[in-house]
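Naming: A, B, ... by sequence-line order, numbering from 1 per chain.
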2 protein chains.
Amino acid sequence: MPRLWSETIDAHRREVRDAILDTTARLAAEHGVLSVTMSQIAERTGIGRATLYKYFPDVEAILFAWHERQIASHLELLAQVRDQADDAGTRLEAVLKAYAMIHHQRVRHHQHKHHGAELASFLHQDKHIAAAQQQVHSMISELLTAVADAGDLRDDVPPHELATYCLHALDAASTLPSKAAVGRLVTVVLTALRPRP
Amino acid sequence: MPRLWSETIDAHRREVRDAILDTTARLAAEHGVLSVTMSQIAERTGIGRATLYKYFPDVEAILFAWHERQIASHLELLAQVRDQADDAGTRLEAVLKAYAMIHHQRVRHHQHKHHGAELASFLHQDKHIAAAQQQVHSMISELLTAVADAGDLRDDVPPHELATYCLHALDAASTLPSKAAVGRLVTVVLTALRPRP
DNA sequence: CGTATACGAGACACACTGTATCGGAAACGT
DNA sequence: ACGTTTCCGATACAGTGTGTCTCGTATACG
């Protein structure tokens with residue numbers, strides 16, 4: 001008797017898939033990414049090992065899917081935050097702060113789980129990972145361009161480079177101990193974006 | 001007949017150890033970290049598998065040792081750069097630029113090798129990795145404090161937080177395509193460090 | 001020159017992998 | 001409602017990596 005059974009078969013597959021991703025993330029956080037095995041994942045998820053292979057071909061694919069799901073949820077949150085403000089400058093600040101808080105919370109919430117960015121290097125194809133993360137980069141890049149159109153952005157560096165700068169700099173939030181420190185980080189990052197006097 | 005044999009036995013062990021680290025880094029870059037095995041490492045290094053186990057207990061330990069060696073060489077280079085200048089501000093700028101170039105070169109030189117920071121999350125004990133990376137953090141932190149003493153640093157954020165900011169922001173160099181872009185990145189990062197007007 | 005150390009090779013039990021097959025149970029479509 | 005399709009858990013299997021051990025040999029050490 002399968003643990004979770006939904007009305008529709010498609011919904012069931014989605015639930016099982018999500019459960020696999022959750023289990024894998026938990027195992028990776030507990031014992032390290034390198035020691036996670038398909039057997040463990042199947043057992044802890046409560047499904048047969050052969051069934052697991054019908055969802056994913058190997059551990060790497062699962063980690064990749066987990067990373068994609070993380071990025072997607074981040075994107076959704078960031079879009080919400082962005083659409084709550086009208087002014088370009090306000091939008092940028094709100095989104096950057098939200099991005100920083102996401103990374104801050106992840107590390108405080110789970111024990112010392114890896115960021116997506118860090119996980120990226122594990123997988124063989126950085127390119128594919130980059131594709132997911134690049135959606136976030138695009139969003140920030142567009143926000144920066146909007147600010148530039150308002151004349152409130154430095155013009156000696158192209159917006160897409162500034163976006164790369166922002167994303168990496170804000171990853172520092174994962175190391176910081178307090179929300180106050182994260183707030184200061186966002187302030188520092190924003191400082192560098194203003195037009196040269 | 002062992003491939004490399006040195007006069008002293010201790011030098012020999014160091015050479016073998018380094019060869020193991022080189023091989024492992026190469027394999028990880030070629031086929032992804034997750035697929036690296038002790039058997040492969042032994043074969044490609046040209047030593048017996050049992051011998052490999054006398055140097056390292058598992059793949060994770062080798063990756064950790066490789067990471068430590070990387071950080072140590074970075075620290076050495078950064079210290080050289082630092083000691084070539086006298087003025088605190090000049091020192092900071094030179095070291096930050098060198099740090100950025102290290103990360104830039106690594107990604108351009110090898111195909112898409114992982115940064116240390118990214119590799120860190122793979123291993124179970126982030127704490128130990130953090131210890132190695134923290135030496136770099138300390139160096140930057142000291143440089144920032146020296147600049148602060150000269151009155152050329154913003155005083156609304158403590159130097160150790162600014163150091164965290166710098167290190168993460170400069171990691172963006174690994175994504176940038178050209179040396180010119182890296183130069184602009186360093187400029188941007190430095191912008192945020194100046195005293196509030 | 002005797003001793004201690006490091007080595008390669010091989011053997012071993014164990015775990016994980018990837019694939020295949022099977023009968024049963026649930027959803028699907030008419 | 002009922003036949004069909006789809007998914008599932010269990011089991012089996014060969015192939016590979018793991019971690020440990022022993023043994024005979026070669027080298028450095030004192």
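The separation between A/Ile9 atom CD1 and C/dG29 atom C1' is 13 Å, rounded to whole Å. We find that CZ of B/Phe56 is positioned 16 Å from P of D/dT20, with the value rounded to whole Å. One can place CD1 of A/Ile41 at 12 Å from C1' of C/dT17, the figure rounded to the nearest angstrom. Atom CG of B/Asp58 is separated from atom P of D/dG19 by 6 Å (rounded to the nearest Å). For the pair A/Glu43 CD and D/dA10 P, the computed distance is 11 Å after rounding to whole Å. The separation between A/Glu60 atom CD and C/dC16 atom P is 19 Å, rounded to whole Å. When rounded to the nearest whole Å, the span between NZ of B/Lys54 and C1' of D/dG19 equals 13 Å. Between B/Arg44 atom CZ and D/dG17 atom C1' there is a gap of 17 Å when expressed in whole angstrom units.
Taking only side-chain nitrogens and oxygens, B/Tyr55 comes nearer than 4.0 Å to OP1 or OP2 of C/dC7. A close approach under 4.0 Å does occur between a side-chain nitrogen or oxygen of A/Ser39 and OP1 or OP2 of C/dT17. Checking the phosphate oxygens (OP1, OP2) of D/dC8, a side-chain nitrogen or oxygen of A/Arg13 falls inside 4.0 Å. Proximity of A/Thr8 to the phosphate of C/dC28: a side-chain N or O atom is located under 4.0 Å from OP1 or OP2.
The nearest heavy atom of DNA chain D to B/Asp10 and to B/Tyr53 marks one nucleotide each, and the one closer to the 5' end goes with B/Tyr53. Map A/Thr51 and B/Thr37 each onto its nearest nucleotide of DNA chain D; the residue landing nearer the 5' end is A/Thr51.
In this structure, CD1 on A/Ile41 lies 7.0 Å from CG on A/Leu63, to the nearest 0.5 angstrom.
With hydrogens and angles ignored, the 3.5 Å screen pairs a side-chain donor or acceptor of A/Thr8 with a backbone N or O of A/Asp10. B/Ser35 contributes a side-chain N or O that, together with a main-chain N or O of B/His31, makes up a donor-acceptor pair within less than 3.5 Å. Between the side chain of B/His104 and the backbone N or O of B/Ala173, at least one donor-acceptor pair lies under 3.5 Å.
Counting only heavy atoms from C-beta on, A/Ala50 has its side chain closest to D/dT11 among D/dT11, C/dT17, D/dT18. If you check C/dT5, C/dC28, D/dC8 against the side chain of A/His12, the one that comes closest is D/dC8.
Under the 4.0 Å criterion applied to side-chain N and carboxylate O atoms, A/Asp155 and A/Arg196 are not assigned as salt-bridge partners.
The base of D/dG19 is paired with the side chain of B/Arg49 by a donor and an acceptor separated by under 3.5 Å.
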